[in-house]
Undergrad: 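Encoded as structure tokens, here's the structure I'll be asking about.
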Amino acid sequence: VGDRFRPLNRTGHRPVATPIIVHSLKPWGNWYDFRTTDGYEVDSVFQLDSRLWAVEVNLTSNPTETEFARFNKAAEHIGADRRVWVAQVKDTVFNGQSGLASLSGLLELLGKEIE
């Protein structure tokens, strides 16, 4: 994945749900996080086949448009092909490139990706 990313096991403060997600998704390889000095971030970055995934973990059930826009900007910065905001939501909304999902929704998206 490159020098721009740090392995998750070397990061500082992480949202409570991030370790659960990383553990759940361990079969899909190594996960990294991404931070810029001006505050843009992606909680989890990983490569699945030829696609770079960016995953943001937030315990909210309703992320604001501003939060999602910042996440998308950070994902664009790293060239992420897929972007998913994981939150406490019931339904997954995913347009083939980006969306909002619960942990189970993210797992379902990843399962479809590797079929």
Side-chain angles (χ1 to χ4, degrees):
V1 173
D3 298 336
R4 299 177 294 179
F5 309 103
R6 298 177 298 178
L8 279 177
N9 63 358
R10 287 195 270 168
T11 61
H13 172 72
R14 308 297 310 136
V16 172
T18 300
I20 296 167
I21 289 174
V22 171
H23 177 75
S24 298
L25 302 174
K26 193 67 172 165
W28 280 284
N30 294 321
W31 284 64
Y32 302 88
D33 72 343
F34 173 77
R35 303 278 185 272
T36 65
T37 56
D38 55 352
Y40 287 92
E41 65 179 66
V42 176
D43 286 334
S44 303
V45 178
F46 72 103
Q47 187 113 21
L48 180 60
D49 293 329
S50 63
R51 292 190 176 98
L52 188 64
W53 283 71
V55 177
E56 183 71 15
V57 179
N58 195 302
L59 297 179
T60 185
S61 60
N62 190 17
T64 67
E65 287 184 34
T66 302
E67 291 172 320
F68 203 76
R70 284 189 63 81
F71 165 59
N72 269 324
K73 185 165 184 165
E76 287 172 11
H77 187 70
I78 63 173
D81 302 297
R82 302 284 188 268
R83 304 131 190 233
V84 180
W85 185 291
V86 175
Q88 296 179 25
V89 295
K90 182 179 176 182
D91 298 318
T92 297
V93 178
F94 187 71
N95 66 12
Q97 181 181 8
S98 67
L100 179 67
S102 64
L103 174 56
S104 61
L106 174 62
L107 292 172
E108 186 177 320
L109 289 172
L110 293 171
K112 289 177 182 177
E113 187 79 12
I114 59 172
E115 290 179 343

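Owing to the predicted nature of the structure, the values given are computational and were not obtained by experimental measurement.
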Undergrad: May I ask you to decide if the ring planes of Phe71 and Trp85 are parallel, tilted or perpendicular, using 30° and 60° as cut-offs?
TA: perpendicular
Undergrad: I want to check something: taking the side chain as every heavy atom from C-beta on, are Glu56 and Glu41 in contact at a cut-off of under 4.5 Å?
TA: yes
Undergrad: CG/Leu100 to CG/Asn58 distance, rounded to the nearest 0.5 angstrom?
TA: 10.0 Å
Undergrad: Would you check if the side chain of Arg35 reaches a backbone N or O of Val42 as a donor-acceptor pair within less than 3.5 Å?
TA: yes
Undergrad: Distance check, rounded to the nearest 0.5 Å: Thr36 atom OG1 versus Lys73 atom NZ?
TA: 9.5 Å
Undergrad: For the atom pair CG (Asn62) and CD (Glu67), what is the distance rounded to the nearest 0.5 Å?
TA: 9.0 Å
Undergrad: Who passes side-chain hydrogen bond (donor to acceptor under 3.5 Å, both in side chains) against Lys90, sequence neighbours left out?
TA: none
Undergrad: Scan for side-chain hydrogen bond (donor to acceptor under 3.5 Å, both in side chains) pairs involving residues 95-110, sequence neighbours excluded, and state none if there are none.
TA: Ser102-Ser104, Glu108-Lys112
Undergrad: So, using side-chain hydrogen bond (donor to acceptor under 3.5 Å, both in side chains) as the criterion, who are the partners of Glu113 when residues are at least two apart?
TA: Arg51
Undergrad: Taking Val55 as the fixed residue, which of Leu106, Leu110, Asp43 is the one that meets the side chain to side chain contact (heavy atoms under 4.5 Å, CB included) rule?
TA: Leu106
Undergrad: Give the cluster check for Phe68 versus Ile78: same hydrophobic cluster or not, with ILVMFWY residues linked at side-chain heavy-atom distances below 4.5 Å.
TA: yes
Undergrad: If you compare all heavy atoms of Ala74 against all heavy atoms of Tyr40, which two are closest, and at what distance to 0.1 Å?
TA: CB-CB, 3.9 Å
